[in-house]
Amino acid sequence: MHITIDKAESAGVLLYPSYAGEAFLYPLGEARKRPGTVTWLYGRAEGETDALALGMGERGQETLERIRRAGGTAARALLLEGRSGGTLVRSRGGCAADGASASGERPAEAAEWLQAWIEGWLLGLYRFDKYRNATRISGDVSLNLRSEDWAELSRSELEAVIGTARHRAEGANLTRDWVNETPDTLNPDTFVEWTLELFRDKPVGIRVYRGQELADRGMNGLLTVGAGSEHAPALIELRYEGSADAKAPMLALVGKAVTFDMGGMNAKTGRDISDARMDMGGAAAVIGALDILVRQRAETSVTALIAVADNVPDARAALPSTVIRYPNGLTVQVANTDGEGRLVLADALIHAAKLGAAQAIDIATLTGNVGDALGLGIAGIWGDSGMTRRLVEIGERNGERLWPMPLMDEYESELKSHYADLRNVGTSTLAGAIVAALFIRRFVAESMGWVHIDMAGTVQYKQDTGYAEAGATGYGARLLADYAVQYAREHQRGEREDSQ
């Protein structure tokens with residue numbers, strides 16, 4: 001995945017973003033300028049370079065995500081054609097996402113456009129081929145940039161853009177690797193081992209709670225969910241201190257890591273339930289976000305809490321009607337053992353409050369219901385309105401989109417139990433994602449800002465699209481990293497204003 005600047009021998013295919021209603025170097029119908037279209041223009045004589053036109057749609061409607069997808073589409077097109085590389089040729093009409101002309105474009109806008117393209121390019125080249133032999137796609141594709149196309153940016157600024165895009169893509173691809181991994185390799189034990197190895201010798205403090213330590217801290221959700229597995233559950237606590245500002249309120253990122261969700265004693269059925277291995281997508285997103293922050297040496301401080309368990313049936317597994325006692329005084333009837341994610345998130349959120357978190361974001365592949373409501377392209381978010389607004393704005397820019405969902409207090413009646421304070425699933429099949437969010441809310445301290453992200457729909461693509469191949473999307477890594485950076489900046493800005 002080499003990216004070069006002004007390397008003539010790496011020119012390869014010339015890559016042309018093409019915009020609707022604008023003149024193009026070669027004859028190209030308007031239908032071939034729609035977003036997502038790819039048109040090969042082969043050289044007519046020996047020595048004439050082949051070109052690839054990438055449809056961008058109308059310039060005024062261009063978004064960073066559209067640019068990102070075009071970059072990924074270009075990379076995948078070259079890879080499938082067996083090409084070794086391509087050179088991006090900047091459209092002279094301008095490349096700003098807001099439609100500004102090239103001549104009047106500010107450096108920040110040019111950098112933003114280019115970062116989105118490179119990010120998409122690197123994400124588009126991702127392949128999980130660890131277990132492929134005969135069907136493995138070999139080779140790599142390099143990207144070359146022409147400095148003359150980016151006069152607003154110095155050489156060092158171009159290199160910084162490349163570095164930032166690479167860090168973000170590598171963090172997202174790390175998340176994809178973990179989510180795609182098979183359960184015979186990735187289980188609660190190896191999840192802990194991989195986490196320790198990933199952040200060894202990095203500015204990240206690590207503590208792992210297991211066995212008696214979980215019991216001593218009342219983390220009975222984890223102990224109950226993980227009781228049926230040969231791999232013991234754990235809570236991983238990670239602290240990244242990238243800011244010298246010790247007064248900054250703690251931000252906690254909470255991820256669900258059920259490495260295989262068989263449903264416990266309420267065992268799942270189906271012809272193919274292999275994607276049950278992806279039920280640790282929320283935790284993988286948190287790990288990926290922390291990886292991005294470490295790579296970028298981001299000036300922010302984050303505490304990550306990962307609740308790790310297997311949810312499989314066994315003679316020791318919890319039975320439906322089991323009652324769990326939590327340290328906040330609530331008791332929970334486990335009406336259905338396949339509603340396990342909320343049980344382990346409860347432990348982590350209680351722990352976040354004990355650590356003094358001012359804000360907490362929990363992210364999980366929690367309910368199939370959210371996919372029924374929103375599909376596979378956007379996740380649901382519940383909770384604090386200010387946090388929700390910021391996360392939605394970030395997601396619109398980086399492509400990891402969110403849709404605000406309601407916390408319907410009236411639906412709490414669904415959680416009524418006849419012999420405990422709560423039941424873990426609703427009494428009906430309706431509004432399952434909302435009811436799950438209401439359950440989680442009961443374990444959030446009043447002093448703590450909180451949002452819940454249900455990413456069950458966005459954890460994977462069923463087919464190749466844009467910059468993603470079928471399989472794990474890496475959703476959430478860039479979203480959480482961007483929020484952490486913005487959170488720190490807002491606090492620093494507030495501190496400066498207060499001191500004036």
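Positions are given from 1, in the same order as the sequence printed here.
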Within the distance-only criterion (no hydrogens, no angle test), does the side chain of [X] pair as donor or acceptor with the backbone N or O of [Y] below 3.5 angstrom?
| X | Y | answer |
| --- | --- | --- |
| Asp149 | Val89 | no |
| Ser142 | His2 | no |
| Arg239 | Ala304 | no |
| Ser18 | Leu54 | yes |

For a side chain to side chain contact (heavy atoms under 4.5 Å, CB included) check, start with the C-alpha distance between Arg132 and Arg127, then their side-chain angles and the critical distance, and finish with the verdict. CA-CA 10 Å; Arg132 289 179 178 270; Arg127 304 183 298 281; over 6 Å; no
Minimum heavy-atom separation for [X] to [Y], with atom names?
| X | Y | answer |
| --- | --- | --- |
| Ala360 | Met387 | O-CE, 3.7 Å |
| Asp6 | Asn144 | N-OD1, 3.4 Å |
| Glu469 | Arg176 | N-NH2, 4.1 Å |
| Leu28 | Ala53 | CD2-CB, 3.9 Å |
| Trp178 | Leu186 | O-CD2, 3.3 Å |
| Ala379 | Ile453 | CB-CG2, 4.1 Å |

With no hydrogens and no angle check, just 3.5 Å: does a side-chain donor-acceptor pair link Glu181 and Tyr131? yes
Atom pair [atom1] ([X]) and [atom2] ([Y]), whose distance is rounded to the nearest 0.5 Å:
| X | Y | atom1 | atom2 | value |
| --- | --- | --- | --- | --- |
| Ile273 | Lys268 | CD1 | NZ | 7.5 Å |
| Trp150 | Glu157 | CH2 | CD | 13.0 Å |
| Glu393 | Thr388 | CD | OG1 | 11.0 Å |
| Tyr16 | Leu52 | OH | CG | 11.0 Å |
| Arg166 | Asn173 | CZ | CG | 11.0 Å |
| Asp454 | Thr367 | CG | OG1 | 3.5 Å |

Are side-chain heavy atoms of [X] and [Y] found at a separation under 4.5 Å?
| X | Y | result |
| --- | --- | --- |
| Leu88 | Leu114 | yes |
| Thr473 | Leu376 | no |
| Val459 | Tyr475 | no |
| Phe260 | Asn187 | no |
| Val392 | Pro404 | yes |
| Met56 | Ile67 | yes |
| Val302 | Tyr487 | no |
| Asn180 | Tyr126 | yes |

What pairs meet the salt bridge (Lys or Arg N to Asp or Glu O under 4.0 Å) rule with one or both residues in residues 68-87, with sequence neighbours excluded? Asp50-Arg83, Glu65-Arg68, Glu65-Arg69, Arg68-Glu119, Arg76-Asp464
Can you give the donor-acceptor pairs under 3.5 Å from side chains of residues 284-293 to other protein atoms, not counting sequence neighbours?
from	atom 1	to	atom 2	distance (Å)
Asp291	OD2	Arg295	NE	2.6

Heavy-atom neighbours of [X] [atom1] exceed 12 at 6.0 Å:
| X | atom1 | answer |
| --- | --- | --- |
| Arg401 | CZ | no |
| Trp194 | CH2 | yes |
| Arg136 | CZ | yes |

Report the C-alpha distance between Arg34 and Thr37 in whole Å, list the side-chain angles of each, state the deciding distance to 0.1 Å, and finish with yes or no for side chain to side chain donor-acceptor pair (under 3.5 Å). CA-CA 6 Å; Arg34 292 195 300 264; Thr37 58; over 6 Å; no
I would like to know whether Val308 and Thr195 meet side chain to side chain contact (heavy atoms under 4.5 Å, CB included); could you show each step before the answer? CA-CA 11 Å; Val308 191; Thr195 302; over 6 Å; no
Check against side chain to side chain contact (heavy atoms under 4.5 Å, CB included), Leu345 and Leu366: CA-CA 10 Å; Leu345 289 174; Leu366 206 68; 4.1 Å; yes
Are any of the side-chain nitrogens in [X] or [Y] under 4.0 Å away from the carboxylate oxygens of its partner?
| X | Y | result |
| --- | --- | --- |
| Glu340 | Lys256 | yes |
| Arg168 | Glu400 | no |
| Glu30 | Lys33 | yes |

The test is side chain to side chain contact (heavy atoms under 4.5 Å, CB included); show your working for Thr365 and Met278 and say whether it passes. CA-CA 8 Å; Thr365 51; Met278 295 183 170; 5.9 Å; no
